[in-house]
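Working notes for the structure below.
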Amino acid sequence: MIRLNFSGIKTRKELHRYLKEKLGFPDYYGENLDALYDLLTQIREKLAITIEGLSSCNERTQGYGNRVLRVMKDAERVTEGLTVMLEEKSGAQNADRSRAPEGNVCPIDQAVSFARPHVFSLTAIREAPPAQGIFYREDGSPYLRLCLKNACDAELVIGQEKHVFWEIKPDLWELSLRLAPGFYYVTLLVDGVEVLSPFLPIGYGFCRPCNYLEIGPAAEFYSVQDVPQGSVRHEYFFSKVTQKRETCLVYAPAGYEESAQKYPVLYLQHGFGENETGWVWQGRIGEIMDNLLAQKKAVPMLIVMADGMLREWQGQEEKLVQERFSTLLLQDIIPFVESKYRVRSDREHRAMAGLSMGSVQTSMTVFSHPELFGWLGLFSGFMRNVITAEERADGHLDALLENPEEFLRDNRLFFRAMGKQDEFFRFFREEDELCQNHGIRHVRREYEGGHDWNVWRKCAYDFLQMLFIEETVSE
């Protein structure tokens with residue numbers, strides 16, 4: 001066995017000279033990655049190479065240490081008797097539990113099936129399973145550790161970037177991450193095949209179950225705190241519109257069961273490819289509302305979340321039909337909620353909001369029925385129908401643009417918010433001009449971030465504090 005310590009390496013040249021000395025390479029070693037691969041694949045005896053100090057080497061060589069390790073792992077796959085292992089001794093925190101630095105815990109919900117952070121199989125009766133999931137080093141940096149038996153290659157895709165796992169022990173793979181705290185959708189690729197890991201949080205996005213990361217420390221406004229907790233109820237009802245059983249989730253504040261009062265209602269919609277669980281798991285809406293109520297910064301209310309991905313067959317193709325959700329909401333969901341829950345049913349106590357695609361559904365519904373809703377919020381949102389671009393059905397705007405004074409007279413809050421780096425920002429600019437040209441008063445917010453849940457959580461946090469207060473909100 002040869003143990004390599006990269007922690008003192010400062011340059012690429014120094015790294016290759018160190019490898020030449022420790023591995024006994026000949027004088028003609030070319031001190032480059034191709035030469036390293038060639039010599040490693042010529043090894044004919046059993047050789048185990050252990051590497052430590054990779055993180056500090058990467059910091060000094062702009063990630064070159066990772067490239068060296070990748071070449072060594074490639075050589076390992078084709079060279080009988082060669083074994084390359086990575087040992088990171090950078091003060092990793094206790095690997096038996098996931099926790100954020102400085103004691104500020106991040107949400108540990110692991111799946112929509114309410115699984116706990118550690119998943120055990122029946123094999124655990126006979127053998128101790130390796131600790132897997134999200135962990136943190138002493139400096140607060142996150143890393144992932146997953147057991148992937150017989151895998152040859154593992155990658156994590158975040159946005160448009162691929163991050164490579166390293167096999168630190170046989171079948172045990174690790175990936176260090178440089179991510180700011182917050183939410184990230186991720187895709188795990190094992191030998192080029194997309195897989196779903198039960199050891200990472202699971203949500204519903206991209207029209208399927210998917211993994212995501214919740215990197216700590218959690219922001220205070222959505223962290224789990226020692227405050228009265230509301231409940232999220234899973235409801236089912238038969239829809240006259242779809243002619244089948246539909247479902248919705250209803251957040252009720254702490255004290256709902258003990259109280260006899262009637263509550264205002266917010267109908268809150270998710271984005272494209274998600275479903276009614278999005279605002280609960282990805283959006284942390286329950287934690288946000290619990291914390292606001294405990295601080296007396298919001299009015300107690302019910303929050304209703306339903307699946308907006310309504311489709312219908314058009315010829316041989318099943319298509320998303322935006323306007324269909326408005327019909328479902330008005331004919332089925334609102335009557336169901338108002339028949340089962342103690343809610344106030346006038347427009348002054350009924351609000352609607354949504355993100356991205358859900359904002360289009362909100363615009364379609366509220367602008368077409370201002371007599372039913374007194375409050376609306378568009379998060380990374382659109383007044384026009386820009387989701388189903390081939391139709392661009394913007395008839396819901398006609399009445400608003402023809403007579404904005406009538407809408408503004410009765411509207412209590414029109415809230416528009418988005419991320420400064422949102423890919424759809426040009427659409428928001430166009431709608432800024434639309435509002436300005438027609439004198440449409442509204443509250444507008446911008447946050448650092450793109451078209452993602454880190455922005456939408458902030459949108460909800462601000463919006464909830466403005467809902468159902470006595471005076472009209474304006475800027």
Side-chain angles (χ1 to χ4, degrees), residues 98 106-119 132-135 142-148 151 153-165 173-175 177 179-216 218 222 232 234 247-249 268-287 305-311 318 320 354-358 379-380 387 419 422-424 449-457 460:
S98 299
C106 58
I108 59 173
D109 304 309
Q110 291 294 89
V112 294
S113 57
F114 303 96
R116 295 298 181 255
H118 300 289
V119 181
Q132 301 183 58
I134 307 174
F135 306 100
Y143 69 99
L144 306 183
R145 181 175 290 170
L146 296 174
C147 182
L148 305 170
D153 189 61
E155 298 174 310
L156 193 75
V157 181
I158 307 176
Q160 302 299 317
E161 296 184 0
K162 285 187 177 181
H163 304 260
V164 179
F165 281 83
W173 296 73
E174 190 170 293
L175 170 62
L177 295 168
L179 295 175
F183 175 94
Y184 301 85
Y185 277 123
V186 299
T187 300
L188 177 63
L189 299 175
V190 179
D191 297 339
V193 179
E194 181 177 340
V195 300
L196 191 66
S197 172
F199 294 94
L200 300 178
I202 300 173
Y204 191 90
F206 310 105
C207 299
R208 65 187 188 279
C210 61
N211 284 129
Y212 66 86
L213 299 181
E214 189 74 70
I215 301 298
Y222 65 80
V232 177
H234 202 160
T247 183
C248 66
L249 299 179
L268 183 61
Q269 283 306 112
H270 58 83
F272 181 85
E274 297 165 341
N275 63 16
E276 69 277 6
T277 64
W279 271 109
V280 175
W281 295 102
Q282 291 96 301
R284 315 300 306 181
I285 196 66
E287 287 78 10
M305 297 150 282
D307 185 3
M309 293 290 292
L310 296 184
R311 296 169 285 269
E318 191 178 28
L320 175 71
L355 67 90
S356 193
M357 181 194 76
F379 309 157
S380 291
I387 304 298
D422 196 301
E423 60 191 285
F424 297 104
H451 201 76
D452 59 55
W453 281 104
N454 299 304
V455 168
W456 301 327
R457 290 171 176 177

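Any value given below was found using the heavy atoms of this structure, including those in side chains, with hydrogens, waters and symmetry copies removed.
Atom-to-atom distance recorded for Gln282:CD and Asn454:CG is 11.5 Å, nearest 0.5 angstrom. Atom OG1 in Thr277 sits 9.5 Å away from atom CE in Met305 (nearest 0.5 Å). Atom CG of Asn211 is separated from atom CG of Leu156 by 8.5 Å, given to the nearest 0.5 angstrom. In this structure, the separation between CE on Met309 and NE2 on His270 is 7.5 Å, given to the nearest 0.5 Å. In this structure, CZ on Arg145 lies 4.5 Å from CD on Glu174, to the nearest 0.5 angstrom. Atoms CG and OG, from Asp452 and Ser380 in turn, are 7.5 Å apart once rounded to the nearest 0.5 Å.
Taking the six-membered ring wherever Trp is involved, the centroid distance between the rings of Trp453 and Trp279 falls below 6.0 Å. A centroid separation of less than 6.0 Å is found between the aromatic rings of Tyr185 and Phe206.
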Evaluation steps, side chain to side chain contact (heavy atoms under 4.5 Å, CB included), between Leu196 and Leu188: CA-CA 7 Å; Leu196 191 66; Leu188 177 63; over 6 Å; no

Residue pair Leu177, Leu144: steps toward the side chain to side chain contact (heavy atoms under 4.5 Å, CB included) verdict: CA-CA 8 Å; Leu177 295 168; Leu144 306 183; 3.9 Å; yes

Side chain to side chain contact (heavy atoms under 4.5 Å, CB included) evaluation trace for Thr247 with Glu276: CA-CA 8 Å; Thr247 183; Glu276 69 277 6; 3.2 Å; yes

Residues Glu274, Leu355; criterion side chain to side chain contact (heavy atoms under 4.5 Å, CB included); working and verdict: CA-CA 11 Å; Glu274 297 165 341; Leu355 67 90; 4.3 Å; yes

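Leu146 places a side-chain heavy atom less than 4.5 Å from the side chain of Phe199. The shortest side-chain heavy-atom distance between Phe183 and Ile215 does not fall under the 4.5 Å cut-off. Side-chain contact between Tyr184 and Leu179: present, with at least one pair of heavy atoms (C-beta onward) separated by less than 4.5 Å.
Between Leu148 and Ala154, the shortest heavy-atom contact is CD1-CB, 3.7 Å. Shown here for Cys210 and Gly205, the closest heavy-atom pair between the two residues is SG-N, 3.5 Å. When all heavy atoms of Gly450 and Val455 are compared, the closest pair comes out as O-CG2, 3.3 Å. Closest of all the heavy-atom pairs between Ser356 and His451 is OG-NE2, 2.9 Å. Closest heavy-atom contact between Leu268 and Gly354: CD1-N, 4.5 Å.
Annotation: Glu161, atom CD; neighbour count of heavy atoms from other residues, nucleotides and ligands within 6.0 Å does not exceed 12.
Ring-plane geometry between Phe135 and Tyr143 is classed as tilted, the angle between the planes lying from 30 to 60 degrees on a 0 to 90 degree scale.
In terms of modelled atom types and a separation under 3.5 Å, the side chain of Arg457 and the main chain of Gly182 share no donor-acceptor contact. Using a distance-only test at 3.5 Å, with no hydrogens or angles considered, no donor-acceptor pair links the side chain of Glu155 to the main chain of Asp191.
Note on Glu194 versus Arg208: salt bridge recorded, some NZ/NE/NH1/NH2 to OD/OE distance being below 4.0 Å.
Cation-pi geometry between Arg284 and Tyr222 is not satisfied (NZ or CZ under 6.0 Å from the ring centre, within 45° of the ring normal).
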